Amino acid sequence: MASMRPPSKFDLFYLFLSLSILGILSFSGVSAQNPIFACDIASNPALAAFGFCNTSLDASARVKDLVTRLTLEEKVGFLVNKAGSVPSLGIPSYEWWSEALHGVSYVGPGTHFSSLVPGATSFPQVLLTAASFNTSLFEAIGKVVSTEARAMHNVGLAGLTFWSPNINIFRDPRWGRGQETPGEDPLLSSKYASMYVRGLQDTGDSDKLKVAACCKHYTAYDVDNWKGIQRYTFNAKVTKQDMDDTFQPPFKSCVIDGNVASVMCSYNQVNGVPTCADPDLLAGTIRGSWKLNGYIVSDCDSVDVLYNNQHYTKTPEDAAAITISAGLDLNCGTFLSQHTVAAVKGGKLAESAVDKAITNNFVVLMRLGFFDGDPRKLPFGGLGPKDVCTPENQELARDAARQGIVLLKNNKETLPLSPKTIKSLAVIGPNANASFTMIGNYEGTPCKYTTPLQGLSSVVSSVVYQPACQNVACSSNSLQLDLAKKAASSSDATILIVGEDQSIEKESLDRVSLLLPGGQTTLITEVAKVAKGPVILVIMSGGGYDISFAKSNDQISGILWVGYPGEAGGAAIADIIFGYYNPGGRLPMTWYPQSFADKVPMTDMRMRPDPATGYPGRTYRFYTGDVIYSFGDGLSYGSFAHHLVQAPKLVSIPLEDGHSCYSQRCKSVDLTGSRCENLAFDIHLRVQNSGNIAGAHTVFLFTTPPAVHNSPKKHLLRFEKVSLGPKAMGSVVFRVDVCKDLSVVDEGGNRKVALGSHILHVGTLKHSLSLRV
Ligand SMILES: *[C@@H]1O[C@H](CO)[C@@H](O)[C@H](O)[C@H]1NC(C)=O
Ligand SMILES: *[C@@H]1O[C@H](CO)[C@@H](O)[C@H](O)[C@H]1NC(C)=O
Ligand SMILES: *[C@@H]1O[C@H](CO)[C@@H](O)[C@H](O)[C@H]1NC(C)=O
């Protein structure tokens with residue numbers, strides 16, 4: 001059957017499901033019925049003779065031994081996600097593909113739920129967790145997810161290699177997968193990447209992995225399907241400057257700071273070259289400059305796509321040769337298992353290149369303990385079903401949602417509502433009783449749900465629920481205004497819970513509009529007109545909306561953005577609305593007006609504005625147009641004040657004698673290596689909680705660099721979240737590294753320290769700092 005569209009992850013998933021129903025495929029490396037474990041010397045003493053089973057040798061010696069024992073045909077079986085078994089060596093098959101974006105997921109054939117483990121803790125979708133700006137939380141979630149993953153692995157329900165997180169920059173508000181990412185800022189995305197990966201992987205011993213994470217999709221990938229333009233054939237045209245100061249930083253941090261075990265290359269081309277076939281991006285940057293200790297995997301099925309859809313090579317053997325030579329180690333899909341032997345036999349690819357690729361794959365499996373026998377006898381071997389969905393883990397899911405939820409409007413301090421005076425509540429809107437919607441995509445079966453209606457009903461006993469529309473599309477003929485208005489006009493307070501779900505934005509579906517779907521705007525406006533008590537608008541969504549109508553409407557007192565808040569989302573929403581928790585989340589992405597979507601093609605990758613054509617640029621770092629809400633926006637109950645205690649006004653940079661910048665005026669200098677050492681200073685701040693309620697506050701340190709090299713108008717240098725009791729004072733010290741933090745990327749993609757006046761901003765505080773040679 002000739003299909004022009006390559007299989008999506010979901011197609012492969014359903015193919016897998018139907019095959020497994022027929023009993024053709026076996027699950028993950030460990031099968032529950034007939035467990036065969038690689039190098040299980042206890043049950044098969046003959047295996048002790050193999051060097052690769054000898055745990056006294058180091059991983060690289062063991063892998064070397066293993067590779068020499070394999071034929072070319074066997075080797076090629078280790079280039080694909082469903083890795084072949086080698087019975088003569090006692091090696092069972094292994095399924096590389098599992099996912100754990102915000103909890104152990106059933107997307108990906110390596111993991112599934114059963115009566116033994118019916119569900120796992122489902123944390124908020126990543127964009128909401130990112131809104132917490134709490135780096136310890138990112139790691140804490142990763143730790144719980146890896147514990148639950150190991151527990152499931154030990155009973156044969158999960159793999160050890162998880163293709164998460166997604167750390168692409170949320171460049172355009174229409175992107176269907178923006179929800180999966182930590183937002184639009186390179187620093188926040190970098191911190192999220194390294195901290196979540198540590199939580200997943202860390203064992204305290206860098207030679208060992210708890211589970212293996214994977215940062216994806218490398219790189220400049222953020223168009224899925226916009227007005228018919230598909231990710232499978234999209235060529236992202238990216239300048240060197242945007243590449244180095246926007247698209248690459250999260251991946252660099254993931255590899256260098258997070259020490260991730262894998263990076264996934266994307267479907268798209270960057271400047272005419274498919275990322276999975278680009279030797280500069282793979283062998284050059286990831287493995288060469290960043291020194292990846294792990295494997296590079298293709299998206300599913302990027303290699304097939306670059307041959308069959310992009311027609312990038314003449315023959316399938318060329319596609320196999322070009323990707324493996326570029327540095328690809330593993331193919332999600334089957335392409336490399338079909339065409340690599342012919343590529344080697346045809347002289348297009350050296351067998352040593354195949355050896356190198358499978359070596360990278362095997363080393364990761366070694367570090368995971370895959371070749372150490374029965375997993376129940378290994379470190380983490382004691383974990384099992386009892387460690388999944390524990391009360392502590394579920395409480396962390398609720399707390400993560402609370403930490404991320406963003407309060408965008410609170411006229412006359414209407415919120416929090418008092419549980420004492422509000423005796424009746426109208427809970428209205430298509431997401432008012434959302435369950436599955438709350439867990440976003442790349443989800444797993446949750447432990448349980450607390451819907452918004454259930455959360456709110458546990459605080460107020462008299463609740464009227466009116467979904468008002470059939471679904472989030474909220475078509476005008478399904479809109480039931482009268483019932484909704486009646487509920488609002490007779491209740492002490494009205495909570496409108498609207499937004500979207502995966503039918504509006506998801507993988508393979510970008511938005512075209514930034515307005516609330518269908519009749520939602522009418523519903524909100526009409527209900528607000530007749531409501532008896534205060535009206536609180538709750539937006540459950542991935543990307544942001546143009547809600548200027550609600551922002552300016554005095555009949556709407558409060559607005560909350562709750563992302564996709566995870567399994568306990570409804571409890572977290574109730575905690576915030578009724579004041580059991582003081583909100584402190586901040587937007588990790590700009591909310592643009594509809595005019596942005598009308599005039600800016602999603603496919604235009606440029607970050608920087610172009611005044612000549614009216615192109616406004618993208619994200620808070622460059623965008624010049626009006627916004628609905630900005631990156632970093634968010635309120636708390638009560639306010640926080642900042643005081644600058646100490647910061648230098650002048651920093652002098654020592655250059656070698658005779659440097660040309662002494663005689664001529666330079667706008668920036670190239671500073672590297674030893675000249676950068678000790679070139680740092682501290683900024684001391686005091687933060688005060690001026691309110692009467694305890695709360696957590698994120699202190700953002702932004703800088704506006706001098707106007708050289710078309711630099712960002714403002715960018716985030718550091719952030720720190722602090723908890724403060726009522727009226728309490730705290731202090732924050734930011735160490736600023738001149739070379740790293742006060743540099744900008746020039747037009748050629750090189751980092752340069754910008755000379756002149758840097759304006760540091762903390763809240764409304766501004767401080768000018770001059771950098772001179
Ligand atoms: C395992 O490797 C160690 C270190 O090289 C060696 O001394 C030992 O004999 C090996 N064990 C077996 C069973 O070959
Ligand atoms: C950050 O998250 C951790 C883990 O949930 C939590 O213990 C801590 O209180 C949070 N920090 C702040 C400042 O809110
Ligand atoms: C709300 O959703 C829950 C979970 O799906 C469901 O059990 C319950 O019946 C729903 N409540 C109403 C009033 O529809």
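Not measured: the values here are computed from a predicted model. First listed ligand is number 1; within each ligand, the first listed atom is number 1.
- Counting non-hydrogen atoms of other residues, nucleotides and ligands closer than 6.0 Å to NZ of Lys143 gives a total of 12 or fewer.
- Close N/O approach between Asn134 and ligand 2 is found [any backbone or side-chain N/O within under 3.5 Å].
- Heavy-atom proximity to Ser723, at under 4.0 Å, picks out these atoms of ligand 2: 12 (C), 13 (C), 14 (O).
- Those atoms of ligand 3 with a heavy atom of Ser435 less than 4.0 angstrom away are 5 (O).
- Defined by atom type and a distance below 3.5 Å, a donor-acceptor pair is present between the side-chain atoms of Ser56 and Asn54.
- For ligand 1, residues of the protein lying within 4.0 angstrom by heavy-atom distance are Ala48, Asn54, Leu57.
- In this structure, Tyr465 has a heavy atom closer than 4.0 Å to ligand 3.
- When only interatomic distances are considered, the shortest N/O to N/O separation between Gln403 and ligand 2 falls below 3.5 Å.
- Those atoms of ligand 2 that come under 4.0 Å of a heavy atom in Leu396, given as number and element, are 5 (O).
- The pair Asp492-Lys423 fails the salt-bridge criterion, with no side-chain N (NZ, NE, NH1 or NH2) lying under 4.0 Å from an Asp/Glu carboxylate O.
- Atom numbering of ligand 3 starts at 1 in the shown order; those under 4.0 Å from a heavy atom of Gln454 are 3 (C).
- Counting the atoms of ligand 2 from 1 in the order shown, those under 4.0 Å from a heavy atom of Ala696 are 14 (O).
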Trace of the side-chain contact (heavy atoms from CB on, under 4.5 Å) decision for Gln179 with Phe170: CA-CA 8 Å; Gln179 54 176 306; Phe170 193 0; over 6 Å; no

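- Every side chain to side chain donor-acceptor pair (under 3.5 Å) that Arg718 has, sequence neighbours left out, goes to Asp741.
- Minimum interatomic distance between Arg69 and Ala49 (heavy atoms only, all atoms of both residues): NH2-O, 4.2 Å.
- Residue contacts with ligand 2 leave out Thr135, since none of its heavy atoms falls under 4.0 Å from the ligand.
- Within the 4.5 Å cutoff, the side chain of Val562 has no heavy atoms near those of the Ile539 side chain.
- Checked against side chain to side chain contact (heavy atoms under 4.5 Å, CB included), Ala641 has the following partners two or more places apart in sequence or in another chain: His643, Ser690.
- Aromatic ring centres of His102 and Phe123 lie farther apart than the 6.0 Å criterion allows.
- Looking at ligand 3, you'll find an N or O of Asn433 within less than 3.5 Å of one of its N or O atoms.
- Judged by distance alone, with hydrogens and angles left aside, the side-chain atoms of Asp202 form no donor-acceptor pair with the main-chain N or O of Gly204 at under 3.5 Å.
- Residues satisfying the ring pair (Phe, Tyr, Trp, His ring centres under 6.0 Å) criterion with Phe700, sequence neighbours excluded, are Phe133, Phe702.
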